[in-house]
Amino acid sequence: MAKKSVAATPGSVLVIGLGRFGGAVADSLVRLGHEVLAIDEDAAIVQSWATRLTHVVQADTTNVDTLKRLGVGEFERAVVAIGTDIEASLMTVLALSELRVPDIWAKALGDKHGRLLERTGAHHVIYPEAAMGERVAHLVTGQMIDFIEFDDGFAIVKTRAPKESLNRTLAESALRSKYGVTVVGVKRPRTDFTYARPETVIQPGDLLIVSGATNLVERFAALE
């Protein structure tokens, strides 16, 4: 069990559990330029990640004293990505809460687990399988190229431009007043992303980045 403290730096993130989800989160954080302290109880998993992450240690994260020795209380953000061990997930969130980590994200296996995580001290509960299932459903049934939904019923989508907008400026097609969505940007083949303006002319083949209430962007993406 690791006992050496790891100093938290501005922007550093604690990731607990290096399964498929936790590993993907940790890897993405490193690619985005953040330092990561990753903890897993499995020595083989820790060894496999040792060369890819900033700091990786083997430890029992349900033990508050162990987390104290690792300096976990100095981190502002933590992601609890423990897989199928619900008890370990809850005990880890409780330990982080006792150490007053200000921003705790925790993976839930279902609604009941999620409610328990919230009561235990998680500030944000993630349902990765449900979210991915919904995202795939949107992508395979409509014109959406990508779909991201936020907790408050707000979504951002990348979708093909509808026929009524082609060869017209955004001001002329009046998509916002007609459909209640905002065209944030335009991605044209072989060109860089550009922010949308009223005078932007939409051309055949353009992809639109659109934001708004989830039901409205869904309806907009279904347009021919």
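At most 12 heavy atoms of other shown residues, nucleotides or ligands fall within 6.0 angstrom of atom CD in E87.
Put simply, CD1 on I145 and OG1 on T159 are 6.5 Å apart, with the number rounded to the nearest 0.5 Å. Of the inter-residue distances, the one linking I148 atom CD1 with I156 atom CD1 reads 6.0 Å to the nearest 0.5 angstrom. The distance from the CD atom of Q47 to the CG atom of D42 is 11.0 Å, given to the nearest 0.5 Å. The structure places CD of E35 at 13.0 Å from CG of L14, a figure rounded to the nearest 0.5 Å. Annotation: the span from L67 atom CG to I16 atom CD1 amounts to 6.0 Å, rounded to 0.5 Å. Atoms NZ and CZ, from K158 and F193 in turn, are 9.5 Å apart once rounded to the nearest 0.5 Å.
Minimum interatomic distance between A106 and V93 (heavy atoms only, all atoms of both residues): CB-CG2, 3.9 Å. Nearest heavy-atom pair, P162 versus L208, reported as atom, atom and distance to 0.1 Å: CD-CD1, 4.0 Å. Considering every non-hydrogen atom in both N63 and T66, the closest pair reads OD1-N, 3.0 Å. Shortest non-hydrogen contact noted between V217 and G212 is CG1-N, 3.5 Å. Nearest heavy atom pair, residue V184 against residue S211, reads CG2-OG, 3.5 Å. Annotation for A81 and F21: closest pair CB-CD2, 3.7 Å, computed over non-hydrogen atoms.
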Could you go through the side-chain contact (heavy atoms from CB on, under 4.5 Å) check for L170 and I202 one step at a time?
CA-CA 7 Å; L170 288 173; I202 305 302; 3.9 Å; yes
Can T169 and T200 be said to form a side-chain contact (heavy atoms from CB on, under 4.5 Å), step by step? CA-CA 5 Å; T169 67; T200 301; over 6 Å; no
request  = Check the pair T214, E149 against side-chain hydrogen bond (donor to acceptor under 3.5 Å, both in side chains), reporting the backbone distance first and the verdict last.
outcome  = CA-CA 7 Å; T214 301; E149 184 176 22; 2.9 Å; yes
Determine, stepwise, if the pair F220 / V210 fulfils side-chain contact (heavy atoms from CB on, under 4.5 Å). CA-CA 9 Å; F220 179 80; V210 180; 3.7 Å; yes
CA sep, side-chain torsions, deciding dist, call: I39, L70, side-chain contact (heavy atoms from CB on, under 4.5 Å) = CA-CA 10 Å; I39 308 175; L70 288 170; 3.8 Å; yes
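There is no path of hydrophobic side-chain contacts, each under 4.5 Å, that joins V183 to V201. Under the 4.5 Å side-chain heavy-atom criterion for ILVMFWY residues, no single connected hydrophobic cluster contains both L94 and L96. Linking Ile, Leu, Val, Met, Phe, Trp and Tyr residues whenever their side-chain heavy atoms come within less than 4.5 Å leaves M91 and V72 in two separate clusters.
Taking A108 as the reference, H113, L117, V125, Y127 meet the side-chain contact (heavy atoms from CB on, under 4.5 Å) condition, with sequence neighbours excluded. By the side-chain contact (heavy atoms from CB on, under 4.5 Å) test, R219 is found to be paired with N215, L216, residues two or more places apart in sequence or in another chain being considered. Here E172 pairs with nothing under the salt bridge (charged side-chain N to carboxylate O under 4.0 Å, His left out) rule; sequence neighbours left out. With sequence neighbours excluded, no residue satisfies side-chain contact (heavy atoms from CB on, under 4.5 Å) with A24.
The residue from L37, V15, L18 that alone fulfils the side-chain contact (heavy atoms from CB on, under 4.5 Å) condition with L53 is L18.
Sorted by first then second residue, the side chain to side chain donor-acceptor pair (under 3.5 Å) pairs that include residues 186-198, not counting sequence neighbours, are R188-D206. Annotation: side chain to side chain donor-acceptor pair (under 3.5 Å) contacts involving residues 96-108, sequence neighbours excluded, comprise D103-W105, D103-H124.
The main-chain N or O of V25 is never found under 3.5 Å from a side-chain atom of S28 such that the two would form a donor-acceptor pair. Judged by distance alone, the side chain of H34 and the main-chain N or O of L29 form no donor-acceptor pair under 3.5 Å. Between the side chain of T92 and the main chain of A88, a donor-acceptor pair closer than 3.5 Å is present.
The closest side-chain heavy-atom distance from P204 to N167 is below 4.5 Å. Counting only heavy atoms from C-beta outward, the side chains of V30 and R52 never approach each other to under 4.5 Å. Contact annotation: the side chain of K178 approaches that of E164 to within less than 4.5 Å [non-hydrogen atoms, C-beta and beyond].
Side-chain atoms of S165 and R168 form no donor-acceptor pair, as typed in the model, at a separation below 3.5 Å.
Contact check on R31 versus D27 returns a salt bridge, with a Lys/Arg side-chain nitrogen under 4.0 Å from an Asp/Glu carboxylate oxygen.
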